Amino acid sequence: MQTKSDAELLSDYAANKSEAAFGEIVRRYADFVYSAALRQLGSPEPARDVAQTVFTDLARKAGALPANTLLIGWLCYGARLAALEQLRRDRRRLHRERQAMEWHEPSSEVVNDWGDIRPVLDEALASLGDEDRHVLLLRFFKNESLTSVGGTLGVGEDAAQKRVSRALGKLREFLAGRGINTTAEALSITLAANAVQAAPWGFAASVTVAALTNAAAGSSTVPFSKLLTMTNMKTAILTLALAGAIAGLGSLVTLIARGW
């Protein structure tokens, strides 16, 4: 599965409902979607729920996506919509949490560029055209080389570099309008270092199970905290079953050794 392209994995899942194919897609993009949600929501738990919603939507709509869909672009847009919906439902609670987080942050005279950029980054990305947004996603969020970016977009390395520079310039203009002034070099370093953060342990596996289950059942999204509890329970049951099997095998060996 790891050698297949995103398009091949989507096609395999859409045609054959291959859980392995869908699981590989989630493995590739779990950190990206989780980070996009976390930037906008500022709290891990709703970020996990939003990421689960995005992958559930992907599982439901995989068969209807155009063949030329750039998956990372679709996921970015999906994360933006899901995060905005989450913010509308939970704005008051998030506001209190953000205030508490800001109060506990240590003061410093050094300007934290990421701290300024993070809350408005996804709004800034959404304001860009598809071409500019996609090139930034490929370069700084998927961490592709300029050669790889050019290959995906069907242009040479030099042209890819120009597109990245142009897109960074537009992103800087948006940020400047919000009172955040930075250089192209500083912005590129900040994005490369902070844009995608590791999702919690076991997140990709849990989201794969939940997304496929919800998509098949047409049910609403199960909160990640409840999903985690369910997953732990299943793991405990399997562990106990395995322990019982091993104990039974040990007893059988003992009986054989004693000649019944």
Side-chain angles (χ1 to χ4, degrees), residues 1-2 6 9-10 13 19 21-62 65 69-91 93-94 97-98 101 114-115 117-126 133-134 136-144 190-215 220-232:
M1 289 294 173
Q2 295 181 357
D6 292 346
L9 291 171
L10 274 176
Y13 172 70
E19 294 186 6
F22 191 82
E24 175 61 18
I25 290 173
V26 176
R27 188 194 67 80
R28 290 181 186 180
Y29 291 104
D31 288 350
F32 169 77
V33 176
Y34 171 77
S35 296
L38 183 62
R39 285 194 304 272
Q40 297 172 80
L41 301 176
S43 183
E45 186 171 345
R48 291 191 289 260
D49 288 341
V50 163
Q52 181 179 311
T53 297
V54 172
F55 284 112
T56 297
D57 287 345
L58 178 63
R60 289 171 176 164
K61 300 174 181 177
L65 295 181
T69 298
L70 182 66
L71 184 56
I72 192 172
W74 189 94
L75 291 172
C76 180
Y77 183 69
R80 175 65 175 163
L81 292 181
L84 287 174
E85 179 62 26
Q86 178 73 19
L87 284 170
R88 282 190 286 267
R89 292 195 306 262
D90 213 15
R91 187 173 298 276
R93 181 177 63 84
L94 288 172
E97 290 179 357
R98 285 172 179 168
M101 291 175 64
W114 178 242
I117 293 170
R118 179 192 61 77
V120 299
L121 177 57
D122 289 271
E123 183 182 356
L125 289 171
R133 182 170 56 256
H134 289 169
L136 291 180
L137 292 173
L138 291 170
R139 183 72 176 104
F140 298 109
F141 294 75
K142 202 175 179 183
N143 198 30
E144 291 191 355
T190 299
L191 290 176
N194 298 284
V196 176
Q197 302 176 34
W201 182 86
F203 178 69
S206 297
V207 166
T208 299
V209 173
L212 293 175
T213 301
N214 290 336
S220 58
T221 302
V222 178
F224 184 84
S225 57
K226 184 179 293 187
L227 171 66
L228 190 59
T229 301
M230 294 164 59
T231 302
N232 289 342

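Nothing here was measured: the structure is a model prediction, and the numbers come from that model.
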Rounded distance (nearest 0.5 Å) linking atom CG of Leu138 with atom CG of Leu70:
5.5 Å
Worked verdict on Val196 versus Asn143 for side-chain contact (heavy atoms from CB on, under 4.5 Å)
CA-CA 9 Å; Val196 176; Asn143 198 30; over 6 Å; no
Evaluate Val33 against Val26 for side-chain contact (heavy atoms from CB on, under 4.5 Å), listing each step before the verdict.
CA-CA 9 Å; Val33 176; Val26 176; over 6 Å; no
Which heavy-atom pair separates Ala210 from Thr56 by the least distance, and what is that distance?
O-OG1, 4.4 Å
Spatial distance of atom OG (Ser35) from atom CZ (Phe141) [nearest 0.5 Å]
9.0 Å
Is it true that a side-chain atom of Arg27 and a backbone atom of Ala204 form a donor plus acceptor pair closer than 3.5 Å?
no
So how far is it from Glu24 CD to Asp6 CG, rounded to the nearest 0.5 Å?
9.0 Å
More than 12 heavy atoms of other groups within 6.0 Å of Glu19 CD:
no
Quick one: CG on Asn194 to CZ on Arg118, what's the gap to the nearest 0.5 Å?
10.5 Å
Closest approach of Arg133 to Ala126 (non-hydrogen atoms, all atoms of both residues)
NH1-O, 3.9 Å
Tell me, with the steps shown, if Gln197 and Leu38 meet side-chain contact (heavy atoms from CB on, under 4.5 Å).
CA-CA 9 Å; Gln197 302 176 34; Leu38 183 62; 4.1 Å; yes
CZ/Phe55 to OG1/Thr208 distance, rounded to the nearest 0.5 angstrom?
8.0 Å
Do Val54 and Tyr77 have side chains that get closer than 4.5 Å, going by heavy atoms?
no
Of the non-hydrogen atoms in Ala59 and Ala211, which two are nearest, and what is the gap between them?
CB-O, 4.2 Å
Does Asp122 come within less than 4.0 Å of Arg39, counting only side-chain N to carboxylate O?
yes
Hey, are the side chains of Trp74 and Leu58 touching, using non-hydrogen atoms and a 4.5 Å cut-off?
yes
Look at the side chain of Ser206 and the backbone N and O of Gly202, then say whether any donor-acceptor pair between them is shorter than 3.5 Å.
yes
Taking all non-hydrogen atoms of both residues, which atom of Ala195 and which atom of Phe140 are closest, and how far apart?
CB-O, 4.2 Å
Can you tell if the side chain of Phe22 reaches within under 4.5 Å of the side chain of Leu9, non-hydrogen atoms only?
no
Nearest heavy-atom pair of Phe203 and Ala51: which atoms, and what distance?
CZ-CB, 3.5 Å
Check whether any side-chain heavy atom of Glu85 lies under 4.5 Å from a side-chain heavy atom of Val50, and answer yes or no.
no
Residues Asp31 and Ala199: closest non-hydrogen pair is OD1-N, 3.0 Å
Distance in Å, Leu41 CG paired with Leu84 CG, rounded so as to fall on 0.5 Å steps:
9.0 Å
Would Leu121 and Gln40 satisfy side-chain contact (heavy atoms from CB on, under 4.5 Å), going step by step from the backbone distance to the final call?
CA-CA 8 Å; Leu121 177 57; Gln40 297 172 80; over 6 Å; no
